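What follows is a single structure, written as structure tokens, with notes after it.
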Amino acid sequence: MRRGSVVQLVLFALVAGGAATALALVPGWLPTPAGREAGRIDFVFWFVTVICVAIFAVVAAVIAYSIWKFRAPPDDESDGPPIHGHTGLEITWTAIPTALVVAIAIVSAIVLAKNGDAGSNPLHVDVTAQQFAWSFSYPGHANLTSGDLRLPLGRKVELKLRSLDVIHSFWVPEFGQKQDTVPGLTTKLVITPDRVGTYPVICTELCGLGHAVMRTSAIVMPAAAFEAWVNKQGKALAGPAGQAGKTVFVNNGCNSCHTLKAAGATAKIGPDLDKLPAEAKGAGKPLEAFVRESIVNPNAYVAPGFPKNVMPQTFSQLPKSQLDALVQYVVSSSRSGR
Amino acid sequence: MTIVTHEHVDEHAAPPAPTGWRRLTAPGWLRVPWMIAVFFGIGAGITVLVRWLEGWHPIWKGSIITTVELTTVPLGFLAGIGTFDYWVRYATGAPTAPEDHSGHGARSWRDYFRVNTDHKVIGVQYLVTTIFFFLAAGMLAMFVRAELAKPGMQFFDNQTYNGLFSVHASLMIFLFVIPAFAGLANFVVPLMLGAPDMAFPRLNALSYWLLPMAGFMMLGSFLVPGGAFATGWTSYAPLAVHQPLGQVFFNMGVQWAGASSIMTALNFLVTIITMRAPGMTFWRMPLLVWANFTTSLLVVIATPFIAGSQFFVMFDRVMHTHFFDPGHGGYPLAYQHIFWFYSHPAVYIMMLPGFGIASEVISVMSRKPIFGYRLMALSLLAILVLGFSVWAHHMFVSGMAPWLRVPMMATTLLIAVPTGIKVFSWLATMWEGRINFSTPMLFAVGFVSMFVIGGLSGIYLGAVPIDIHVSDTAFVVAHIHYVLFGGSLFTIFAGIYYWFPKMTGRMYNERLGKLHFWLTFVGFNLTFFPMHLIGVQGMPRRVADYAPRFADWNLFISIASFGLGASTVVFLYNMIWSWRFGPPAGGNPWRALTLEWQVTSPPPIFNFDEIPQVVGSPYEYGVPGARHAVLNGDRAEVGELEEVRRT
């Protein structure tokens, strides 16, 4: 009778465990963290990985060993030993996994609580998601808005996320944190940036045909540089119409769908804004009225070759001064771009 | 105790085939086209009438009529093909046709294209149909990988791409994995129980014929204006409410597939509870029967929830009910709660029958009793109960009530315990066995190893902080494919190879079977394992375009996936060739103890000439003189039996 040898089995397990460990260590699995929360998530990740490598090693070793040792010769029609069970073993493989998953749950719950703690004096940022653009505004800085998320180094940030249309999800891989934006709800997310750099902001909840391009950047800056940027933006919005209009244009993500030479925008999801005068003629309206209507109520006239309901209908909510600046800017830029 | 015999079956002559115009009114394919036309007229007529009475313009509105027709046209098809004939006659008081068994059992290949009440014919109908949709859905996956081979847009626009992966997933889930298991169980469970058929054979036929409706509806959505539904198989509101018309084809396709599921599950429950052979106590049922018992409970409890969620989305769209519109008091997260209250248990609906198949195959091929039989059955029940308490782990980043996260994490992680018990028990069953690594066993062992990886990645996803980082990334894509491909599909393949000789009476080609396994196993791992890595690194899912730094891995994955797709050709060739030309298999090629192997291959039309008497466990390999059941003439040989509890 062929019996299993525990020594051989342990050797198999060491080999399988070694292979799995190599697989865990060699490729760079996690992005280099740029936030304290990501560092804690990484800890949970490696804690779970150690446990999983051990379990995988045991299972893989038993399977490989069985294939090697217990394969029946082709003409062998005998049966194996009639073992129906073993209470001790069954208790063991119920109890040990239970203990392991409870440990994982406790570690996870602690990290979750820490990662959700905004502290007493966070920087507040309002995040607005819409198909297919991000917009960030800083209530502590005169509601300055931006199409990039700019954050100062080392300060806790509390994001308040809203959506104007469907569900989106805010994710920066280097921050590790992710949160859906839900129409009708305000959701929250805490980030503590701890590394200067530019990182991708990715929408991870399928939100329609532009989902794959609903991207922007998160820029972590030294605190002084952040203050300087805030001041500069504030001046631009209060400045001459053209400058303010361009700021509104970029901050609201118009450039992520449209082409407009003056703004350096080259996206092709929506109509080319440099050709607006011709479009206005096609629609039979004066240019300025046409531009305003197309921003506030995009379905009133849809350019030939483009589907309805793609352009967000939410820009009607822009403050009047910003809307006026935007219309002026788009009208004058498209005239000069002809 | 009553013993039903059906030796008289051959005495019945089938009724004379209808002639002349009666051919158009007899159930069958000739009645289908005009019945569809009639039901189309009913649907369009009601819609137009209502719109005219209410003064809504235009009175003839294509998108609304299409929505209504997705209910009425399938009914026309079902009425035409003849699934309702008996009930309609009975309900209207018309004389019912005497049961002549002409619609029971297959005498030629044509009988597989008719309404048939034989569970074995229905099982084969299910399997062939689901494999067709498996191929269609697999082809869509190939298109997805072709688009993803390079960053940027190559072959499809965004909406079409979103449609490709949405229809891929929906077909694989609703038209392949769930019904393929139902098909295997349809063939095997009554035989294993020692029953002549399912409890409700006509209902069984109806549940089969609902399936092609759902499948062609989902595939057909590519043809409607605006393209196929493009919101993923999860179809989250409010996005789904404002999508082009194709979305309705998902909403309604799910209804038909779901109705099929529920009817089959009810049928299994009644069959398993009431039609076990004498002596077949619950603790003597094969684990495949246990698995389908728990699965059926999951189906009947959970499936109405997804049906409701899809109706709500459709009502929001056509009736402006605002279930999920926050501007009118709706609540978008309600959709996710209702959807996942079905769709998490659905994961077990797609896995527990596979556990059953693995238990059968591993025990028989290792020539050993299943290790810890009772704990194996009880862990199925534990998964059933826990499975209803974990749905919100799909919503850790959704913005739901934050306090739900930790409790749902705890239950989620605890499900690893009964699942672990099953894995360790399979390993212990193999230990010191006399293992025959035939194709079904290769797929069963392949399943155990792949499912362990899928289970371990599930631990990562269960731990909330990690889930927050990796949810909606390629890591999740890798995880579900390790569970549903490495798990469910591998066990479906194991089951098909294992019962192929029973279904067809012929043996498949072992060499091709092994080739198929190794191509699938290697291709699968090369395709899906790297997705863990790029997901953790930052590649989201459901995108046609991605950051250039993931280009190399995506090209690698696409090439591997094409190899994986090609491996299916080996499977198909083997099945088709062996069905026609394979060597006769004999009644019991695997020397198994369960009842389906104690009859001829394929089994007689009513399975058993005489209902068997069950006398022991189905897994007593290596126990001298042990028997699972006594059949036919053997009764005298065993002498008077004590255990005749059930009649």
Side-chain angles (χ1 to χ4, degrees), chain A residues 2-4 27 29-31 40-41 44-45 48 52 55-56 59 62-63 66 70-72 76 78-85 90 93-94 97-98 101 104-105 108-109 111-112 115 166-167 169 173 176-180 182-185 187 202 204-213 309, chain B residues 158-159 162 231-232 236 238-239 242 326 332-333 366-369 371-372 375 397-399 405-406 409-410 413-414 416-417 420-421 423-424 427 430-437 445 448-449 452 456 459-460 463-466 468-469 471-472 533 536-538 540 542-545 621-623:
Chain A
R2 286 161 298 179
R3 297 297 301 265
W29 280 85
L30 290 151
R40 291 187 204 110
I41 291 173
V44 185
F45 185 89
V48 172
C52 286
I55 295 173
F56 176 80
V59 174
V62 176
I63 291 177
S66 302
F70 303 125
R71 175 191 292 273
D76 183 0
S78 63
D79 287 346
I83 305 165
H84 287 86
E90 287 171 47
W93 66 47
T94 307
T98 307
V101 297
I104 291 172
S108 299
V111 168
L112 182 67
N115 277 1
V166 300
I167 299 173
S169 195
Q177 294 280 67
K178 183 185 288 132
Q179 177 61 55
D180 285 5
V182 184
L185 291 183
T187 51
I202 302 172
T204 54
E205 185 64 66
L206 178 61
C207 58
L209 59 80
H211 170 56
V213 293
N309 289 326
Chain B
N158 274 307
Q159 185 78 3
N162 293 352
T231 51
Y236 276 9
L239 177 65
H242 303 293
L333 291 185
S366 305
R367 311 305 305 165
K368 276 186 63 199
F371 192 95
L375 201 54
V397 299
S398 71
R405 304 207 267 196
V406 169
M409 165 171 71
L413 292 173
L414 277 178
V417 174
I421 290 173
V423 169
F424 294 129
L427 298 181
M430 287 164 62
W431 192 255
E432 294 188 358
R434 304 281 180 276
I435 307 176
N436 170 14
F437 283 99
V445 175
V448 176
S449 50
V452 164
L456 294 177
I459 302 262
Y460 286 82
V464 183
I466 307 177
I468 287 174
H469 177 60
S471 71
D472 282 310
L533 179 66
V536 172
Q537 287 177 342
R542 294 173 166 178
V543 289
D545 188 9
Y621 300 102
V623 181

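These numbers come from the heavy atoms of this one structure, side chains and all, not from hydrogens, waters or symmetry mates. Proteins come first, then strands; the chains are lettered A, B, ... in the order of their sequence lines, and each starts at number 1. Source: prediction; values computed, not measured.
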Inset, instruction - Would you please test A:His211 and B:Asn158 for side chain to side chain contact (heavy atoms under 4.5 Å, CB included) and show each step? - result: CA-CA 8 Å; A:His211 170 56; B:Asn158 274 307; over 6 Å; no

Legend entry - Worked verdict on B:Leu239 versus A:Ile167 for side chain to side chain contact (heavy atoms under 4.5 Å, CB included): CA-CA 7 Å; B:Leu239 177 65; A:Ile167 299 173; over 6 Å; no

Legend entry - Closest non-hydrogen atom pair between A:Val182 and B:Ser398, with its separation: CG2-O, 3.2 Å

Inset, instruction - Please report the closest heavy-atom contact between B:Ser449 and A:Ile63, naming both atoms and the distance. - result: CB-CD1, 3.9 Å

Legend entry - Per-residue contact mode, A:Ser108 against chain B (heavy atom under 4.5 angstrom): both

Inset, instruction - Below 4.5 Å from any heavy atom of chain A, which atoms of B:Val452 appear? Answer side chain, backbone, both or neither. - result: side chain

Inset, instruction - Give, for atom CG of B:Leu333 and atom OG1 of A:Thr187, the distance between the pair rounded to the nearest 0.5 Å. - result: 9.0 Å

Legend entry - side chain to side chain contact (heavy atoms under 4.5 Å, CB included) between A:Ile83 and B:Trp431, worked out: CA-CA 10 Å; A:Ile83 305 165; B:Trp431 192 255; 5.9 Å; no

Inset, instruction - Below 4.5 Å from any heavy atom of chain A, which atoms of B:Tyr236 appear? Answer side chain, backbone, both or neither. - result: side chain

Inset, instruction - Mind checking the CD-CD1 spacing from A:Glu90 to B:Ile421? Nearest 0.5 Å is all I need. - result: 8.0 Å

Inset, instruction - Please check if the side chain of A:Lys178 supplies one atom and the backbone of B:Val397 the other of a donor-acceptor pair under 3.5 Å. - result: no

Legend entry - Separation of B:Asn436 CG from A:Asp76 CG (nearest 0.5 Å): 10.0 Å

Inset, instruction - Can you tell which part of A:Leu185 gets under 4.5 Å to a heavy atom of chain B, answering side chain, backbone, both or neither? - result: side chain

Legend entry - Under 4.5 Å from a heavy atom of chain A, the part of B:Ala463 involved: both

Inset, instruction - Side chain from CB out, backbone as N, CA, C, O: work out which of these in B:Met430 comes under 4.5 Å of a heavy atom of chain A, or both, or neither. - result: both

Inset, instruction - Using non-hydrogen atoms and a 4.5 Å limit, figure out which bit of A:Val59 sits close to chain B: side chain, backbone, both or neither. - result: both

Inset, instruction - Give the member of B:His469, B:Arg405, B:His242 that has the highest number of heavy-atom pairs under 4.5 Å with chain A. - result: B:His469

Inset, instruction - Flag the one option from A:Asp79, A:Asn115, A:Val48, A:Leu30 with the top tally of heavy-atom pairs under 4.5 Å to chain B. - result: A:Asp79

Inset, instruction - Give a yes or no answer on whether the side chain of B:Gln537 reaches the backbone of A:Pro31 with a donor-acceptor pair at less than 3.5 Å. - result: no

Inset, instruction - Could you tell me which portion of A:Ile202 (side chain, backbone, both or neither) has an atom closer than 4.5 angstrom to a non-hydrogen atom of chain B? - result: side chain

Inset, instruction - Against chain B, label A:Cys207 side chain, backbone, both or neither, depending on which of its atoms sit under 4.5 Å from a heavy atom there. - result: backbone

Legend entry - Point-to-point distance, once rounded to the nearest 0.5 Å, from CD1 of A:Ile104 to OH of B:Tyr460: 9.0 Å

Legend entry - Steps toward ring pair (Phe, Tyr, Trp, His ring centres under 6.0 Å) verdict (A:Trp93, B:Phe371): CA-CA 13 Å; A:Trp93 66 47; B:Phe371 192 95; 5.5 Å; yes

Inset, instruction - May I have the step-by-step check of side chain to side chain contact (heavy atoms under 4.5 Å, CB included) for A:Gln177 and B:Ile468, ending in yes or no? - result: CA-CA 6 Å; A:Gln177 294 280 67; B:Ile468 287 174; 3.8 Å; yes

